[in-house]
There are 2 protein chains.
Amino acid sequence: MDNIEKLFASKNIRVTAMRLLIYKFLAEKQIAVTLSDIENAFDKADRTTLYRTIKTFEEKVIVHQIDDGTGITKYALCEKGCNCDIETDLHLHFHCNNCNETICLTDHKIPQIKVPEGFVSENVNLVVKGICDKCSGY
Amino acid sequence: MDNIEKLFASKNIRVTAMRLLIYKFLAEKQIAVTLSDIENAFDKADRTTLYRTIKTFEEKVIVHQIDDGTGITKYALCEKGCNCDIETDLHLHFHCNNCNETICLTDHKIPQIKVPEGFVSENVNLVVKGICDKCSGY
DNA sequence: GTATTAATGCACTTCCATTGCATGGTATTT
DNA sequence: AAATACCATGCAATGGAAGTGCATTAATAC
Ligand SMILES: [Mn+2]
Ligand SMILES: [Mn+2]
Ligand SMILES: [Zn+2]
Ligand SMILES: [Zn+2]
């Protein structure tokens, strides 16, 4: 996993054990995770470190934040070469009402949304809620 | 405002002074409000009462909850005869990055969103962020 | 190896949301 | 109208997530 170290270097952040672990954790999971998910996975680590690690990742566009309406912020790894900060790149998120998991639908981009005259759209958050493929028995 | 009393009766909730006041407050405002907005408007009233009043309103589909991504839950009156619980009736919300106000765009319904096979869409939350008409000087 | 700079750990804080329980008020029954 | 049942309110306390200050420790640069 030398790749991760290169990624960190390209973002000008130091390579630390904790950061590598958290990155791998996020990479393994195919779903968006909360801070307490990470806490539970690394219960020997300090909460603040986990918090600041994820905030650093966010700042450096290694992860993006997801507000799925549960009231708890979730995070997921950004796609390689994504532009999560640019509106046109935004994908939608799916929250399963059954298993409570939230996933990125990275190749489902958000359609152009019409707003009334005088309004300027800068950013769009779109969350679809329902039943995921695993839970629908597909 | 005898109408409000009839509305309450139709929802099987008692008519109380506080409920009437809060309802009127929401009706006057054209924007979504937080609980602390209501607290500030009625500083002699108890927070819990305000909280439970708005929760009752929500349960009875008198108001709907709005998650605009600020992390603080907002509320706005439902349209007369709305079906806020049904997907097809959902409108979008606009959050102004300048004045921080959030409004319902009640006649901007959310377009049909395609989800991958196996996924079942039950509900959609769509928040557009940008500059509102007042702030854009329209 | 030393200096510099950034990451970590611990304690503490703030803010919003939510609940338990006692009390007060409104509607319903007799 | 009095008694009863039911619901609304007020006060106090709690929980959970998010964020900050500061001392210590580890990673990079020289
Ligand atoms: Mn995503
Ligand atoms: Mn609305
Ligand atoms: Zn599911
Ligand atoms: Zn504005």
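Quick note on labels: first sequence line is chain A, next is B, and so on, each numbered from 1.
When the nearest nucleotides of DNA chain D are assigned to Arg47(A) and Thr16(A) by heavy-atom distance, the more 5′-ward of the two goes with Arg47(A).
Residue Thr48(B) places no side-chain N or O under 4.0 Å from the OP1 or OP2 atom of dT18(C). Using a 4.0 Å cut-off, some side-chain N or O of Thr53(B) falls inside it from OP1 or OP2 of dT9(D). At the phosphate of dA7(C), OP1 or OP2 sits under 4.0 Å from a side-chain N or O atom of Arg19(A). Contact annotation: Thr49(A) does not reach the phosphate of dA7(C) (side-chain N/O to OP1 or OP2, under 4.0 Å).
Taking the side chain as every heavy atom from C-beta outward, Val128(B) and Phe119(A) never approach each other to under 4.5 Å.
For Asp37(B) and dC15(C), the CG to P distance is 15 Å, given to the nearest whole Å. Between the OH atom of Tyr51(B) and the P atom of dA8(D) there is a distance of 15 Å, given to the nearest Å. In this structure, Lys55(A) places its NZ atom 14 Å from C1' of dT20(D), rounding to the nearest Å. Per the geometry, NZ belonging to Lys11(A) stands 18 Å off P belonging to dT28(D), to the nearest Å. When the C1' atom of dA8(D) is taken as reference, atom CD1 of Ile54(B) falls 16 Å away, rounded to whole Å. Atom-to-atom, CG of Asn12(B) to C1' of dT28(C) comes out at 15 Å; the value is rounded to the nearest Å. The interatomic distance linking Phe42(A) (CZ) with dA7(C) (P) rounds to 18 Å, in whole Å. Distance Ile13(A) CD1 to dA6(C) C1': 11 Å, rounded to the nearest Å.
Candidate nucleotides dT18(C), dG19(D), dA27(D) were compared by shortest atom distance to the side chain of Arg14(A), and dA27(D) ranks first.
For Lys114(B), the NZ atom sits in a loose shell: 12 or fewer heavy atoms of surrounding residues, nucleotides or ligands are nearer than 6.0 Å. Around CD of Glu39(B), the count of heavy atoms belonging to other residues, nucleotides or ligands within 6.0 Å exceeds 12.
When each of Gln30(B), Lys29(B), Lys134(B) is checked for a side-chain hydrogen bond (donor to acceptor under 3.5 Å, both in side chains) with Glu101(B), only Lys134(B) meets the rule.
Residue contacts for Arg52(A): at a heavy-atom cut-off of 4.0 Å it reaches a base atom on one of the strands shown. The residue Thr73(B) sits close only to the backbone: its heavy atoms come under 4.0 Å of sugar-phosphate atoms, none of a base. Among the heavy atoms of the strands lying under 4.0 Å from Val15(A) are primed sugar atoms or P, OP1, OP2 only; no base atom is included.
Ring pair Phe57(B)/Phe8(B) is tilted by interplanar angle, where 30° to 60° counts as tilted.
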